[in-house]
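Notes follow once the structure below has been shown.
Below, read A as the first sequence line, B as the second, and so on, with proteins coming before strands; counting in each chain starts at 1. Just so it is clear, the structure is predicted and the values come from calculations on it, not from any experiment. In what follows, every heavy atom counts, from backbone to side chain, and hydrogens, waters and symmetry copies are set aside.
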Protein chains: 2
Amino acid sequence: MKNKEIQEQRMKGYFLEAAKELLKAEGLKSISVRNIAERAGYSYATLYSYFRDLNELIFLCVQDFYEECKEQVQQVTRKKEKGIKKLKAAIRAYADFFIQYPGIFDLFFTETIGNAPNKKQVLELIQHSLDSICEEDWHYCMSWGLLPGDRIGLMKSQLRHSLLGLLLLYLNRSTPASYVDFVSRFNVLVNAIIDDHLPGAMAAGRQTTVNNALISVKIGNNK
Amino acid sequence: MKNKEIQEQRMKGYFLEAAKELLKAEGLKSISVRNIAERAGYSYATLYSYFRDLNELIFLCVQDFYEECKEQVQQVTRKKEKGIKKLKAAIRAYADFFIQYPGIFDLFFTETIGNAPNKKQVLELIQHSLDSICEEDWHYCMSWGLLPGDRIGLMKSQLRHSLLGLLLLYLNRSTPASYVDFVSRFNVLVNAIIDDHLPGAMAAGRQTTVNNALISVKIGNNK
DNA sequence: CAAAAATAATTAACAATGTTAAAATAAAAA
DNA sequence: TTTTTATTTTAACATTGTTAATTATTTTTG
C-alpha cells in the first residue's frame, strides 16, 4: 500500500514536470493533454488516471511556480543590504519573473480555475504571493522605522494591485511597448507608493521623488 | 458599387451584433464561430466572407463596448454635481460596467489580440478608456484647483493600474469574495490615490481619509 | 511455476473548436 | 432564358478535452 502511493506520486510528477516545462517554454496556449503526455512519455489518456482533468493538473503547478519565483527573487536580492532599496528590488524581481515566464502570469492571474480540489488555497497563495515573498523586507523596514507600520497594509495592497495592472497591460496589451518603458513606469509607480509614505517625505519632498523615478531608468538591466 | 458597400456593412453588422449579445450574456468562453453565426441567422462559414477570422470579429466589438461603457458611466453620474465626488463616482461606474459584463473585461484586458487590422488603435482605446471616459471630470477638478495639475498624470496612472489589478483579482480570482468587499477595497484604493494628493490634505489629514474609506462601505448599492 | 484476477496503459471514438475547399444556391448580366 | 458572377452552405480537416473499450502488464493465487 505504501508502494502504490510512491508510484502514483512518481507518475503525477512526470506529468507535472512536463506541464511545467511546457508552460515555461511555450506558454499556456500551447498546453494540451496530448502535448503534456507526449513529453511525459505516456499516452494522452493515461493522464486521466492521475488527474481529474487538465485544469486540476495545471493548477497543481502553481505551488511549484510560487516556490521558484520566491527562490529567484531571493537569489537576485541576496547580496543587497536590507532596507527600502532591497524591498524595491524584490518587487522588481517578482515582476521580472512573470515577464520571463508570461505563461506563469496567465496561469496565476487570467486562466479560469474551475474546480481544482484545493482551489481555495491556490487562490490564497496567488493573491498573497507578492506579500509573502517580500515579507521579510517589509518586516525589516517596519521594525526599523523605515516605513510607518500603520500604513504598510495600504502600501502592500496598492503595490499588489498596481503591479498586477501594470503587468497585465505590458504582457497582454503590449503597453508600454518596450521593457525599458515598463521599468520606467514600474519605478514611477513603486516610488510613488513607497516614497510618498516615507516618514520624512511629506509635503516638501514628494514631487522630487516622483521626478527622480522618471529619470532613474536603467537601460539594459535585464532581458 | 455603393450598394455593395452598404450590404456588406449590413452583413458585418449582423455578425457583430450577434457576437456582442453573446459576449455580454455568456462571456468570452461561450463565443464560437458556430454560435455567433447561428445567432446571426447564417451558416458558420459565411462569417469568413466578412471577417478574416474570429479574432478580427471579436476585437471589432471593442469600439462599441467602449461607447456603451462611456454612455453608462455618463448616465450614472449625470445628476451628480461636478467635483471630486463625481470623479470618484465615474471611476466606480467604470468598474461596475466590467463587473456587469465580465466577458467585456476579458475581451479588453486578457484575451490575446492576434493580428487585428487596427490593432494599434484598439490597444490605445482600451488602455486609455478610463482616462478618456473620465476626462471631463479630471479637467474640471484641475481647472478649479481641486486637484494639483502637476500630479494628475501620476494619479491617472496609479488609478488605471490599481483598478485593473483590483478588477482582475475580483473577476478572475474571486478576491475579494463578495461585491461588498470589492467596493470596500475600491474605496480604500481610490481614496488613497486621490485624497492623499489633495492640495490641503498633507501630513495631518491623511490617515483619517483612508480610515474613513474603510468605514464608508455602502451595502446593497449594486448587483 | 502457471492460470486467474486485478491493475495500468493504449487505442478508438465523440463532441466541439477554428478554418478552408468544394458544392449548391441565388442574383445579375447577356 | 441562358450564362456568368456572387453568395451561402455543406463537407472536410486538424486540433482540442474527455470517456469507453481494448490491450498489455503486473500481482495474486492454486
Side-chain angles (χ1 to χ4, degrees), chain A residues 1-19 22-23 25-61 103 106-107 110-117 119, chain B residues 1-19 22-23 25-61 103 106-107 110-117 119:
Chain A
M1 293 217 178
K2 204 56 173 301
N3 289 343
K4 190 74 158 295
E5 187 67 20
I6 292 175
Q7 290 164 17
E8 187 173 323
Q9 283 308 116
R10 201 141 39 203
M11 285 295 293
K12 285 193 174 187
Y14 298 149
F15 286 103
L16 279 168
E17 209 52 46
L22 248 160
L23 206 57
E26 313 266 355
L28 238 179
K29 65 200 168 303
S30 299
I31 286 275
S32 78
V33 175
R34 285 165 173 83
N35 244 333
I36 295 171
E38 181 187 34
R39 197 172 276 241
Y42 287 92
S43 172
Y44 47 87
T46 309
L47 190 147
Y48 289 89
S49 303
Y50 299 94
F51 305 93
R52 176 163 8 128
D53 53 25
L54 180 61
N55 203 56
E56 173 180 333
L57 167 55
I58 64 172
F59 274 100
L60 278 174
C61 302
D106 290 338
L107 173 61
T110 73
E111 181 73 354
T112 64
I113 180 175
N115 282 327
K119 177 175 177 175
Chain B
M1 296 217 178
K2 205 54 174 303
N3 288 344
K4 190 74 159 293
E5 186 66 22
I6 292 176
Q7 289 165 17
E8 187 173 321
Q9 282 308 116
R10 197 136 46 198
M11 285 295 293
K12 285 193 175 188
Y14 298 149
F15 285 103
L16 280 168
E17 209 52 45
L22 217 73
L23 205 58
E26 313 266 354
L28 239 179
K29 65 200 168 302
S30 299
I31 286 274
S32 79
V33 176
R34 286 165 173 82
N35 242 333
I36 295 171
E38 182 187 34
R39 197 173 277 241
Y42 286 92
S43 171
Y44 47 87
T46 309
L47 190 148
Y48 289 88
S49 303
Y50 298 95
F51 305 94
R52 177 169 359 135
D53 53 25
L54 181 61
N55 204 55
E56 173 181 334
L57 167 55
I58 65 172
F59 274 99
L60 279 174
C61 301
D106 290 337
L107 173 62
T110 73
E111 181 73 356
T112 64
I113 181 174
N115 282 328
K119 177 175 177 175

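- Nearest nucleotide to the side chain of B:M11, out of D:dT18, C:dA21, D:dT8: D:dT8.
- Residue A:Y50 is classed as a sugar-phosphate contact, given heavy-atom separations below 4.0 Å to backbone atoms only.
- Using a distance-only test at 3.5 Å, with no hydrogens or angles considered, no donor-acceptor pair links the side chain of A:R34 to the main chain of A:A45.
- Atom OH of B:Y50 is separated from atom CG of B:L16 by 12.5 Å, given to the nearest 0.5 angstrom.
- Listed pair A:T46 / C:dT10 meets the phosphate criterion, a side-chain N or O lying under 4.0 Å from OP1 or OP2.
- Taken from CG in A:L22 to SG in A:C61, the straight-line distance is 10.0 Å, to the nearest 0.5 Å.
- Relative ring orientation between A:F51 and A:F15 is described as perpendicular, the plane-to-plane angle rising above 60° on a 0-90° scale split at 30° and 60°.
- Between B:Y42 atom OH and C:dA26 atom P the separation is 13 Å, expressed in whole Å.
- Atom-to-atom, NZ of A:K29 to P of D:dT16 comes out at 13 Å; the value is rounded to the nearest Å.
- Contact check, A:Y44 against D:dT16: no side-chain N or O comes under 4.0 Å of OP1 or OP2.
- Using a 4.0 Å heavy-atom distance criterion, A:S49 is classed as making no nucleic acid contact.
- Across the protein-nucleic acid pair, B:Q7 atom CD and C:dA26 atom P stand 17 Å apart, rounded to whole Å.
- Residue B:F51 contributes atom CZ, which lies 16 Å from atom C1' of C:dG18 at whole-angstrom precision.
- Each of A:R34 and A:G41 has a nearest nucleotide on DNA chain C; the 5'-most of these lies closest to A:G41.
- Atom OH in B:Y48 sits roughly 15 Å away from atom C1' in D:dA11 (whole-Å rounding).
- Nucleic acid contact class of B:L47 (heavy atoms, under 4.0 Å, all strands): none.
- Within the 4.0 angstrom heavy-atom criterion, no nucleotide atom of any strand lies near B:L57.
- In this structure, the nucleotide among C:dA9, C:dT19, C:dA21 sitting nearest to the side chain of B:A45 is C:dA21.
- Remark: the backbone N or O of B:S30 is paired with a side-chain donor or acceptor of B:N35 at under 3.5 angstrom.
- Protein atom CG of B:N35 is 13 Å distant from nucleotide atom C1' of C:dG18, rounded to whole Å.
- For A:E5 and C:dA8, the CD to C1' distance is 16 Å, given to the nearest whole Å.
- We find that CZ of A:R10 is positioned 15 Å from C1' of C:dA8, with the value rounded to whole Å.
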